[in-house]
Structure formats: C-alpha cells, structure tokens
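Worksheet: the structure to be examined is printed underneath.
In what follows, residues are counted from 1 in the order of the sequence shown. Ligands are counted one by one from 1 in listed order, and the atoms in each one are counted from 1 as well.
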Amino acid sequence: MNEMTLPAREGKRGPNPALWWVNDQGDEVKWSFREMTDLTRRAANVFTQTGGLRQGDHLALILPRVPEWWLVTVGCIRTGIVFMPGTTLMKARDILYRLQVSKAKGIITTDTLAPEVDSVASECPALKIKFLVSDHSRKGWLDFRSLIKSASSDHTCVKSKTMDPMAIFFTSGTTGLPKMAKHNQGLALRSSFPSCRKLLQLKTSDVFWCLSDPGWITATLASMLEPWTAGSTVFVHHLPQFDHNVIVQTFFKYPITQCLAAPSVFRMILQQDFTSLRFPTLEHTCAGGEALLPEEQEQWRRQTGVLLYQVYGQSETGITCGILRGMKIKPGSMGKAIPPFDIQIIDDKGNVLPPDTEGNIGIRIKPTKPIGLFMCYQDDPVKTAEVECGDFYNTGDRATMDAEGYIWFLGRSDDVINASGYRIGPTEVESALAEHPAVAESAVVSSPDLIRGEVVKAFVVLTPQFLSRDRGQLTKELQEHVKSVTAPYKYPRKVEFVPELPKTITGKIKRNELRKKEFGQL
Ligand code: BCO
C-alpha cells in the first residue's frame, strides 16, 4: 500500500468525515480524509524519526477505541512498521508473552495498561520504545499526543510490496499460547478487489460502524480498510464496555447506514425489551465471528426492518465468505466464497468433498496462495505446516457446502472455543486455573449457551484441602482468579467440580468426550 492506494486519494472523498468518533461524555472527533492524511503522516514521522522504528519492526498496538488507533495503524502502513493489535482486556502476562514472542521493538498503549507493561518490560530485551496515548505523562514513555502535534506532516510512504508484512494478529489454538498470524500488505490490497467491494457495496455517503474491539482483525478490516477503500465514514463509539442500551441509542442518534458486529451483539439487543428498533438510517447489517441462527436473522429483520447478512473469516484469513449485499439469503448459511478465495469442503487429506457432505473448510493455496490469506505463523513453521492440507489451508472449521456454493457452518474440528466471537484456546484457561491452589487439574471445553452461542466451561478436580469448601463460593473465586491473571473474556462462565477427568491410556485428557457431553452428543 502506498500513497496512491491510500483510501484518502483524490476523487474518492465524500463530504462526510473519514473518522467520526464519539463517547458517552458528549465528546466528538470528526476528521476529514485530508486531516487523516496529515495526521497519519505525522504519526509515521513520530514512529520513525522520534521512535527510531523501521520498516519490518514490530509494534504492539494495545489501545481501546480512541481516535489515535486509526493514526497508528495507517502510520504503520505508511512506514512498513508491522502493527500487532491486541485487546485492552489483556493482563501483564498476556502482554509479556506477546512482547517476548514477537520481539516487539515498540508498544503503544494507554495509562491504564502502562503499569502492566512496566511490570514486565525488563523481561523484554527487544523492547526499545514505549508510546503513551494519554493526557498525562509517564516516566519512560513518549507522549504520543504531544508528539503528533509537533511532528512534521511531510512524509513519503515506503514503497512496500504486496508480499511485505503489514500486521500480526494473535490467535488461539488447541495447544499452547496464541499463534502469530502474519499478514502481508495484500490484506489491504484485497479490500480494493471488485469481488470484495460487492460484499458491502459501500458508498462515500455511507457511515459504517463496526463494533469489534480494535484488538481483532475484524476491526482492521471493517473499521478501517473496507470503509476507507470506499471513501466511507468510519463511525466509532468509544464503548469501553458492552452496553446494549448505548448501542441502540447510538443507532437512533447518529446517521449510521451500515453495521458489522458479532452475532452475540445482535442477540443481546434482541433479548431486551426495546419499544422500537426501527433505526432511522440503518440500511444494512452484517454479523460475523461466530454462528448465527436463522431465527435470530428473522427476528432482527422483523424488529428492525433490516436484513442481517452473515460473513465468515478468521484471523488467518480476513473475511473469506459471506452473503454479498443483495444476494439471496439462505437463513443460517454463511454465504459463498469471496474471490480470490476458492473455498472447498475437504477431508483430512485435502480431497474435495461432494456437496452437502460434512468436512473442513479449506481455502485453496496451490498452485497460488490467494492475496489476503495470512503468510504464516511467525517463527512457527511447524504450526504453519500443520494447517496445510493438500492444496488447501485447513481452517479447522467444519461445514457443508450446498450445490449452489452456500456454506453452512457446523463447528470446530478441534478443542478451540468460540465464545461470543472470541477464539479461546483451552490450555490458556487451564494454565490460568492451574495457578490456583484449589485446582489439582482441569479440562476446559466449549459449552452451549443461549446468549453467547458457546461459553468456556471448566471441569475441575479439586486439591484435597479444598474438597470441603462451598462449591458456589469456589466457582466465583476461580472465575475471579482467571479474570485477574488473563484477559477476562476467557474466564469459565461454567464450572463443574468432578472427582476425575476422562483420560486416554497414555494419560491425555479427553476434552472431546467432555465437549460432546456438553452438546448432548454422547
Ligand atoms: O461477564 P462479566 O461481566 O463477569 O465479565 C465480562 C465483562 O464484564 C468483562 N469486561 C469487559 N470489558 C471490560 C471488562 N472488565 C473490565 N474492564 C473492561 N473494560 O470481561 C468479561 C468478558 O467480557 P466479554 O467481552 O466476553 O462480554 P461482554 O462484555 O458481555 O461483551 C459481549 C460482546 C458480544 C460485546 C463481546 O463478547 C464481543 O465483543 N464479542 C465479539 C468478539 C469479536 O469481535 N470477535 C471477532 C474476532 S475476529 C474474527 O472472528 C474474524 C472475522 C473476520
């Protein structure tokens, strides 16, 4: 991506702002595309001239929904610095892991997380520079807001190539800690492909609101690349914590025309008793990140008068398939593959399966890897090779495809949990639980839930000294413990105490058996 392909290029600008940011206190930021150009050039200069960062360096980006997030991401794209978004729900240990494994040279965050970073920074030898987004200063940190004000807006983009790295998204797997899905500049380029433009058919007059946390790939795509490629307005509500009332009021108050959020968000709104959900300007809504039920799509249409389209993707892939705007909706289906992705349902050897047969969702990577698919798991050739299956990248998601090419999601093929759109690795939760003295051992699996689709459930074997303790009290204690040591979205919403865990003869815990029981399959 270079200056010529930045969304703010001449001829694409509408009269509406590029970024329209609001919060609950009545503050508002509106930046035009011209202002975004100016400010992101300054950000680029802050990173390279003041911070000494260079093309290819890794920058941990842990910001809430503040306007600076957009300056940082585009500033990085201008300079070729690889940005690594992360949710602000992370705790010190999550941050430490990310900084160490990525060898990040820089970090940018707010004063809420700066103490957590400082508590682990001495263990991160590669970390050279820390930027703070705050109205206060902090020792050892550069003040990003003041630097932006004083930086020059004279900047020339690096001449990056499509295959040059752009961003790293951390994503959970069945084993170990999150992997680093590395994307090249093709992720941004893909947004400009005509096939991809058909998904939302955004216009310069559109005001697009993506509710995803800025830590996930969905925000990079739907809160930046997609709308700005079309010259649309990116709308952002600060929304420090989920609140269905605020979301509904926002739809009434601002001229939002399109929205993308996790199905849980729509579900949580529908479960309230709002007198009206007839939003004055909303025309198009999309749900992605987890399964959406046909009855939820129908309920949303009945109450809002707006259709709810499904999209599907992963941190490794971006949006791979969906119901394009105007395409026939088959309730419950995630739609069709979006070229250049060729999606097929494959068996474990990479053979393409016939229509209506259950298998893994595969994206063809041979003879040519499609633009927009991740490059690799950074520094992990073994895990990268594991997801290659014949001529395909194996998503690990199970589905069927009908004769018309519509894809129907069924679930994961492994132990990864998808709770309200969060991909959670069981071992991350199990290792957090293991630190509590009450836990002898645990097994963490997915469990069905009416609101969040799935939730994290922990089966816990207690240590002898805790056997007589009140189970309700202990459940709360374990939940609070997990929330305190790792990002709270991972905490087990269900806990069951068991005398022992099912194991294979070699002593491996049979999570599969526990999960099947949860879903009533045994
Ligand atoms: O249940 P509790 O209240 O006890 O705990 C919750 C929250 O209260 C707490 N929490 C959240 N924000 C906090 C906080 N605590 C302190 N400070 C904060 N700022 O953490 C616990 C877990 O939160 P949660 O996020 O699971 O639940 P919540 O707050 O009800 O939010 C619901 C959703 C639906 C808004 C949330 O789950 C969500 O944002 N889900 C979507 C995730 C997403 O965007 N996924 C996309 C991934 S990328 C992808 O799939 C590729 C697609 C192309």
Side-chain angles (χ1 to χ4, degrees), residues 62-65 85-91 110 112-113 116 167 169-172 178 181 183 187 190-191 196 199-200 209-223 225-226 237-247 259-272 286-292 310-322 334-335 338 341 361 363 372-374 395-397 409 412 416-424 429 449 451-456 475-476 478-484 486-494:
I62 313 175
L63 289 178
R65 299 177 186 92
T87 170
T88 52
L89 292 177
M90 286 192 292
K91 297 283 183 280
T110 60
T112 312
L113 279 176
E116 307 260 355
F169 300 96
F170 282 76
T171 184
S172 297
H183 277 271
L187 185 70
R190 185 173 178 249
S191 283
C196 298
L199 178 67
L200 302 168
W209 188 18
C210 164
L211 278 97
S212 175
D213 180 286
W216 314 117
I217 191 172
T218 314
T220 298
L221 295 169
S223 218
L225 297 172
E226 285 295 322
H237 193 297
H238 182 224
L239 207 67
Q241 248 182 301
F242 178 76
D243 184 334
H244 43 76
N245 290 315
V246 173
I247 294 174
C259 161
L260 188 149
S264 289
V265 171
F266 297 100
R267 208 175 287 136
M268 286 171 179
I269 293 173
L270 288 171
Q271 281 168 1
Q272 307 307 311
C286 284
E290 49 163 325
L292 176 71
Q310 266 208 71
V311 296
Y312 160 82
Q314 298 183 324
S315 301
E316 289 88 340
T317 65
I319 297 172
T320 57
C321 71
M334 314 191 295
I338 303 173
F341 288 168
I361 301 178
I363 299 176
L373 195 72
F374 80 125
T395 61
D397 286 325
F409 183 83
R412 286 291 301 176
V416 168
I417 302 155
N418 188 336
S420 60
Y422 294 118
R423 186 163 144 178
I424 300 167
V429 187
D449 183 76
I451 299 174
R452 293 165 193 273
E454 295 173 28
V455 291
V456 173
T475 297
K476 285 201 187 80
L478 291 177
Q479 290 173 328
E480 287 312 312
H481 164 75
V482 174
K483 278 185 175 184
S484 71
T486 190
Y489 67 83
K490 298 182 205 166
Y491 86 90
R493 287 179 189 268
K494 295 183 188 173

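Of the possible donor and acceptor atoms, one in the side chain of Arg65 sits under 3.5 Å from a partner among the backbone N and O of Leu211.
Of the charged side-chain nitrogens involved, at least one lies within less than 4.0 Å of a carboxylate oxygen, so that Arg423 and Glu316 count as a salt-bridged pair.
We find the CG-CZ distance between Leu187 and Phe169 to be 6.0 Å, quoted to the nearest 0.5 Å. Atom CD1 of Ile319 and atom CG of Leu260 lie 6.0 Å apart (nearest 0.5 Å).
Both tests pass for Arg190 against the ring of Phe341: distance under 6.0 Å to the centre and angle within 45° of the axis.
If you look at ligand 1, the protein residues with a non-hydrogen atom under 4.0 Å away are Leu89, Ser212, Trp216, Ile217, Thr218, Pro240, Gln241, Phe242, Ala262, Ser264, Val265, Met268, Gly289, Gly313, Gln314, Ile319, Ser420, Gly421, Tyr422, Arg452, Lys483, Pro488, Tyr489, Tyr491, Arg493.
What you find for Ser172 and Val416 is that their closest heavy atoms are O-CG2, 4.1 Å.
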